[in-house]
Amino acid sequence: MSTELRRAGTRSGNVTDAPFIKERPTPYSFFRHLQRAKKPSSTVGIGIIGYGYWGPNLVRNFAEQKGARLVAVSDLSVDRLTEVHARYPLVKVTSDCADLITDPDVDAVVIATPVSSHFPLARRALEAGKHVLVTKPITADPSQAMELIEAAEQRGLVLMVDHTFVYTGAVQTIKQLVDGGNLGELYYYDSVRVNLGLFQKDVNVLWDLAVHDLSIMDYLLGQQPVAVAATGSAHIPGHQVNLAYLTCYFDGNLIAHHHANWLAPLKIRRTLIGGARQMIVYDDLEPSEKVKVYDKGITVASDAQGARETMIGYRTGDMWAPQVSLTEGLHVESQHFLECVKHRRQPLTDGPCGLRLVRILEAAARSHTFLPRSVRRYCSGVVRPARMAWMPAGTSVSSLIQRSP
Ligand SMILES: NC(=O)c1ccc[n+]([C@@H]2O[C@H](COP(=O)([O-])OP(=O)(O)OC[C@H]3O[C@@H](n4cnc5c(N)ncnc54)[C@H](O)[C@@H]3O)[C@@H](O)[C@H]2O)c1
């Protein structure tokens, strides 16, 4: 049987000519019979498009889930398909994702391809009646994300975005602390995500790295910024912005800042969340104590003469590291996706969640791109909303980000 299974044929003109495929061609449909015979239909049939850097993690996680049947994997590269076949010999492979999307054994399509291809692939899958899990960011612009949300809603299908960090034990623990009021009034959210990273071709560093922090921020704060400002630099001619600073302004005094860089000598994944009562340091590179809560802060008192001046006092309490689940975020996420498909539930990181992030990223791009050079120089890299000289008269800063309908 294994000899026959080696052949991974697709429709005419798209046969995956992997080096190991030497036997008589076996049509893609041949595998369907085998898989139908072997797997219970109560499981969710999964097809995964993209087996580059991130795709293998999704394939491994869905292959391990009891509620899933890993049916097929598609990639443009024959070498990548050869690797899939070596690890998962019963899984169909194809270089034409249409095979996978139209396969009746596939109930849900997972898309792990470059950002520019998310929209056409996800739309095609939804139109074929498949549930969709798409890697971050959901699409390359907000109107595409809106279209996917509508397509999923019209058909009663699940549309989920792979915002992996939201499903980690560390972020779940921080969420409990924030929602439980431990931090008091929130003052700031400050993240740094830098390393000597892979220069992406189709997106800049904000769309590649900062999107992780935006997804965590969106989940933890539960509110959207009213304005954003971004600066950045493309140090390598012909390449995307590789270093960027993004500031998000919220109603009240809450402010968030995200620093993302593909050109840093060391890897840093650190977030500070400051509240009036307590503060959190989240370091994703810490092996066990990823979250540390500091009972530190200030006290503000009026002077004796009658509140002409306020006096700042310093409060230094304990630091504690709550127990954090170390279960892989992608394991929790893939399980959540399967449950949402099975029970037709709205996922935690659904289409509108993906759209919120893309709106911020798009506003950031406009903020950086449209700011006149003279103003950029004058502000020496720091752009305050009040100084957004490029804004048309009568436009409010808030209008930079359209709120979700
Ligand atoms: N959640 C995370 O932590 C995380 C980490 C890395 C990447 N990602 C996301 O995963 C996605 C993929 O990133 P990557 O780094 O794996 O990219 P990659 O370039 O390494 O891999 C993409 C793969 O998709 C394949 N592909 C492209 N178009 C295809 C098509 N039409 N049909 C079949 N295969 C096709 C390519 O051949 C390639 O092997 C991106 O959206 C990225 O943002 C998420």
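Heavy-atom basis, side chains included; hydrogens, waters and symmetry copies ignored. Both counts, for ligands and for their atoms, begin at 1 and track the order of listing.
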Modelled atom types, side-chain donor and acceptor of Thr139 and His118, under 3.5 Å: no
Residues Lys92 and Asp103 bridged, charged N to O under 4.0 Å: yes
Side-chain (Ser367) to main-chain (Ala363) donor-acceptor, under 3.5 angstrom: no
Residues Thr349 and Tyr167: side-chain donor-acceptor under 3.5 angstrom: yes
Could you pull out every N or O of ligand 1 that sits under 3.5 Å from a protein N or O, with the distance for each pair?
unit_1   : atom_1 : unit_2 : atom_2 : d
ligand 1 : 1 (N)  : Thr164 : OG1    : 2.7
ligand 1 : 16 (O) : Tyr53  : N      : 3.1
ligand 1 : 16 (O) : Trp54  : N      : 2.8
ligand 1 : 20 (O) : Tyr53  : N      : 3.0
ligand 1 : 34 (N) : Leu76  : N      : 3.4
ligand 1 : 37 (O) : Asp75  : OD1    : 2.6
ligand 1 : 39 (O) : Asp75  : OD1    : 3.1
ligand 1 : 39 (O) : Asp75  : OD2    : 2.7
ligand 1 : 41 (O) : Thr113 : O      : 3.3
ligand 1 : 41 (O) : His118 : NE2    : 3.0
ligand 1 : 41 (O) : Thr135 : OG1    : 2.8
ligand 1 : 41 (O) : Lys136 : O      : 3.0
ligand 1 : 43 (O) : Lys136 : O      : 2.8
ligand 1 : 43 (O) : Lys136 : NZ     : 3.0

Asp162 side chain to Thr164 side chain, donor-acceptor N/O pair below 3.5 angstrom: yes
Polar side-chain atom of Lys290 near backbone of Val171 as donor-acceptor pair, under 3.5 Å: no
